[in-house]
Amino acid sequence: MPNRLVIASNRLPVSTEIADGEIVLSPASGGVATGLRAWHERSSGVWVGWPGTLTRLSKTQRQQVDAQLAARHIVPVHLTRREVREYYDEFSNGVLWPVFHYLIDRLPLEAATWESYRRVNEHFADRIAEQYQPGDLIWVHDYQLLLVPGLLRQRLPDARIGFFLHIPFPAGEVFRILPWRRDILEGLLGADLIGFHTYSYVQHFAAALSDVSGTEPEDDRVWVDDRPVRLGVFPMGIDATAFRDLASSADVDAQVEMIRREARGRRILLGVDRLDYTKGISRRLLALEHLLRDDPSFRERIRLIQVAVPSRDAVPSYQELSREVDGLIGRINGTYGTATAVPIHYLHQSVTREQLVALYRAADVMLVTPLRDGMNLVAKEYVASRTDDDGVLVLSEFAGAAEELHEAVLVNAYDTRDLAAKIRNALDLGPDERARRMRTMRRRVMAHDVHRWADEFVRALERDTGYEARATPEEALKDVTARVRTADVLDLLLDYDGTLVPIARTPEQAAPDAALRRLVTGLAERPRTHVHIVSGRPRPLLEEWLAALPVTLWAEHGIWVRPEGETAWQTALDISHLQWLDRARALMEEFAADTPGAFVEEKSASIAWHYREATRAFGAAQARKLRVALAKTLSDAPIDVLEGKKLLEVRPRGAGKSIIMQWLLSHEPAPTLIVAFGDDRTDEEMFAALPPGSVSVHIGRGATMATHRLRDWTATRNFLSSLIA
């Protein structure tokens with residue numbers, strides 16, 4: 001029995017109509033409704049969404065609607081006309097839509113409806129929380145509900161929540177335009193799984209997290225406290241089988257014949273879009289105008305059928321677009337039309353599924369040229385409908401579908417000259433080439449349909465991956481505490497940065513506070529207890545910070561040691577061969593000069609290149625290049641290149657925190673229990689060298705061989721304080 005699925009979307013999978021005075025609910029079309037209908041029914045779940053404006057209905061009729069929805073396990077979120085206008089029209093479609101599609105010139109001068117957007121998202125979260133049962137999976141959809149995952153996390157801390165974005169996620173510098181960018185990211189991070197159509201959208205989201213909130217994604221996830229939020233690529237498909245079957249029907253065959261007959265031998269170009277400024281209709285018309293003007297023979301050879309489904313007619317920018325399209329079509333038809341035909345046949349209306357598939361079947365060239373699109377399912381519908389393996393798809397490289405349909409003729413939709421040339425190329429393709437391309441695309445579209453998309457997302461949401469990185473439960477920590485308290489001789493190995501203090505951008509910010517000094521002193525004063533502060537920091541800095549404490553200090557990851565009660569430093573490793581330092585320094589300084597925010601930190605026997613202050617993507621790219629350059633330049637030197645948190649360090653071969661174990665076990669009294677704390681890769685070396693029976697504690701997230709895990713440096717301090725108590 002599958003988990004119950006709670007689906008939340010702005011619109012419901014049914015539409016409400018009044019027929020002969022009776023309320024009639026009919027299935028809605030569209031990818032989300034089609035793809036999730038089976039899951040909704042199979043899991044006996046609920047679907048939460050806005051049922052549309054019902055103010056025209058009487059109170060009795062609204063009650064009838066609610067009763068019919070309840071019978072279908074649908075929970076309505078009723079909104080006032082003002083809420084719909086402010087949350088949906090003015091903010092979702094007036095602000096978020098243009099920004100996420102890179103059309104920032106469409107932004108209003110002021111957007112005063114954020115509070116309405118937030119309030120409606122709270123309405124949705126409340127309704128979802130009311131329906132929630134332990135064990136449910138919650139799947140929230142699209143840009144109208146960006147805050148819902150975070151609001152749900154507040155109400156349902158243990159719920160499994162997924163979110164899928166059906167539109168593009170913009171590049172970081174575009175997303176940062178939004179004044180509410182932090183609120184939006186916090187809302188999305190309430191989810192356990194965030195899905196996108198393409199990998200590039202995942203990268204943009206990761207960059208936004210880093211640039212706006214300072215949160216650094218790791219591989220396919222980002223961590224919120226000790227909770228992993230996974231980022232996934234789930235390219236949405238269509239109900240491919242339904243389009244294939246309909247394309248083979250007799251009714252569609254008859255309509256195809258009629259469309260071709262009316263074209264009178266002309267090659268048919270087809271565009272099918274909502275009348276939206278993201279769809280590139282105006283530039284498509286200009287490209288056609290270029291083609292007709294540059295080669296007059298095309299006036300008798302081609303015909304464009306442009307379907308523009310009315311959309312958001314009440315929004316001024318859409319009214320302006322409608323006038324612009326009408327004007328372009330009038331100009332082109334008036335200039336290049338003949339006594340018997342015009343080049344553009346314009347349908348500003350909705351069409352039935354049968355009419356749509358007939359147009360797909362009849363079209364020689366399909367023009368899908370949005371300026372930006374999350375996926376664009378029209379491209380996939382065209383491919384699924386071409387059961388004859390004919391036709392050519394001209395596809396904008398700015399549509400998500402371009403990452404899957406490589407065999408299409410890809411085009412820069414902003415470049416009208418390029419588009420005109422690509423249309424000509426598409427018309428010139430021979431039958432064998434057309435068939436080869438279409439067969440390949442059709443196999444892919446049929447295999448990766450909307451049902452597979454829904455299944456893969458829900459299965460991924462069900463999987464409990466990443467939860468092994470949660471902090472060790474309190475009961476298990478009590479067992480460690482009991483072992484510590486009964487140890488005859490206890491050695492505590494405490495990494496410094498990230499373990500006892502937060503990771504800092506500058507050394508000054510990492511200095512120990514008074515509370516840490518008291519804590520370490522208290523630990524050192526425990527009977528039969530030896531405290532070791534183990535750090536990658538240089539000797540002078542550790543001495544300045546910690547020399548007065550009764551502890552053993554380890555500098556440069558174990559190369560230097562200053563035993564408890566002594567003032568002199570000793571080397572734990574032979575460092576007489578450091579001729580490579582000059583070459584490493586020169587190379588690192590060269591890269592630091594070319595990487596704003598990077599700097600070089602030189603120690604007595606090692607040298608590090610830090611890039612925490614650099615731009616995330618550029619810093620990481622430069623670090624990769626530097627690592628390659630170091631390996632090449634220092635190939636003859638006895639060194640290791642260590643990758644840490646936003647740094648690369650070059651140190652003598654054999655150096656590392658594993659040295660500490662050799663030193664401890666060779667001194668009297670030998671410890672009967674070693675407890676080691678650390679947060680990064682250098683500490684994994686220390687964990688690996690621990691003798692059997694020791695306790696290792698990893699601080700924070702990420703893979704580790706440690707036996708226990710604490711959430712962060714504050715949890716480390718709390719645990720150590722319990723040892724003193």
Side-chain angles (χ1 to χ4, degrees), residues 495-498 507 534-542 553-562 568-666 678-690 702-705:
D495 171 56
Y496 188 77
D497 293 279
V534 183
S535 175
R537 299 281 185 179
R539 287 175 296 160
L541 197 56
L542 290 184
L553 297 178
W554 293 87
E556 300 186 32
H557 299 304
I559 294 177
W560 292 94
V561 58
R562 201 198 79 160
W569 287 86
Q570 308 167 15
T571 57
L573 182 75
D574 179 14
I575 56 170
S576 59
H577 305 289
L578 300 177
Q579 295 84 354
W580 49 266
L581 261 176
D582 289 339
R583 286 182 287 162
R585 183 190 308 109
L587 192 57
M588 286 185 171
E589 289 178 346
E590 178 185 340
F591 270 77
D594 292 338
T595 312
F599 67 92
V600 178
E601 179 189 20
E602 186 169 354
K603 307 168 189 178
S604 64
S606 62
I607 188 167
W609 188 80
H610 297 261
Y611 60 98
R612 182 165 297 279
E613 292 291 327
T615 302
R616 174 181 176 269
F618 185 56
Q622 289 291 85
R624 289 193 294 270
K625 291 180 181 178
L626 175 57
R627 187 176 187 115
V628 172
L630 286 168
K632 182 178 180 180
T633 302
L634 305 177
S635 60
D636 60 336
I639 55 96
D640 292 318
V641 179
L642 182 72
E643 186 175 351
K645 292 183 176 179
K646 298 287 187 177
L647 66 86
L648 287 179
E649 184 167 5
V650 182
R651 65 186 189 187
R653 183 162 297 151
K657 294 182 180 180
S658 60
I659 297 174
I660 300 169
M661 294 306 128
Q662 303 169 22
W663 191 90
L664 285 179
L665 298 176
S666 65
D679 74 310
D680 64 15
R681 296 183 185 182
T682 64
D683 301 305
E684 294 299 311
E685 299 172 344
M686 180 170 63
F687 297 155
L690 288 170
T704 182
M705 65 176 66

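Here the structure is a predicted model, which is why all the values come from computation and not from measurement. Because only heavy atoms are used, hydrogens play no part in the values below, and waters and symmetry mates are left out as well, while side chains stay in.
How far CZ of R537 is from CG of D497: 4.0 Å, rounded to the nearest 0.5 Å. With rounding to the nearest 0.5 Å, the separation of CG in L630 from CD in E649 is 11.5 Å. With values rounded to the nearest 0.5 angstrom, L647 atom CG is found 8.0 Å from R612 atom CZ. Residue K646 holds its NZ atom at 13.0 Å from NE2 of H610, rounded to the nearest 0.5 Å. Note: E601 CD to L541 CG = 8.0 Å, rounded to the nearest 0.5 Å. The distance from atom CH2 of W609 to atom CZ of F599, rounded to the nearest 0.5 Å, is 10.5 Å.
The salt bridge (Lys or Arg N to Asp or Glu O under 4.0 Å) pairs that include a residue from residues 625-634 are R627-E643, where partners are two or more places apart or lie in different chains. Among residue pairs with one or both ends in residues 621-666, those qualifying as ring pair (Phe, Tyr, Trp, His ring centres under 6.0 Å) are W554-W663, W663-H667; sequence neighbours excluded.
Across all their heavy atoms, A568 and R562 have their closest contact at O-CG, 3.3 Å. Pairing each heavy atom of A584 with each of I607, the nearest pair is CB-CG2, 4.0 Å. For A555 against R539, the heavy-atom pair with the smallest separation is CB-CG, 3.7 Å. Residues P652 and A605 approach most closely at CD-O, 3.0 Å, considering heavy atoms.
Partners of S604 under the side-chain hydrogen bond (donor to acceptor under 3.5 Å, both in side chains) rule, at least two apart in sequence or in another chain, are E556, W560. For A637, the side chain to side chain contact (heavy atoms under 4.5 Å, CB included) partners two or more places apart in sequence, or in a different chain, are W580, R583, L634, I639. Residues forming a side-chain hydrogen bond (donor to acceptor under 3.5 Å, both in side chains) with E602 (at least two apart in sequence, or on another chain): R585. Residues passing the side-chain hydrogen bond (donor to acceptor under 3.5 Å, both in side chains) test with D495 are T499, K657, sequence neighbours excluded. Remark: E684 engages no residue in a salt bridge (charged side-chain N to carboxylate O under 4.0 Å, His left out) (not counting sequence neighbours). Looking at residues two or more places apart in sequence or on another chain, you find no ring pair (Phe, Tyr, Trp, His ring centres under 6.0 Å) involving H557. Contacts of D680 classified as salt bridge (charged side-chain N to carboxylate O under 4.0 Å, His left out), with partners at least two apart in sequence or in another chain: none. Scanning for ring pair (Phe, Tyr, Trp, His ring centres under 6.0 Å) contacts around F618 gives an empty result, with sequence neighbours left out. For the side-chain hydrogen bond (donor to acceptor under 3.5 Å, both in side chains) test, residues two or more places apart in sequence or in another chain that qualify with E613 are R505.
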Would you give me the side-chain donor-acceptor pairs under 3.5 Å for residues 590-598, sequence neighbours excluded?
residue : atom : partner : partner atom : Å
T595    : OG1  : F591    : O            : 2.7
T595    : OG1  : Q622    : NE2          : 3.0

Stepwise side chain to side chain contact (heavy atoms under 4.5 Å, CB included) check, M588 with V650: CA-CA 10 Å; M588 286 185 171; V650 182; 3.7 Å; yes
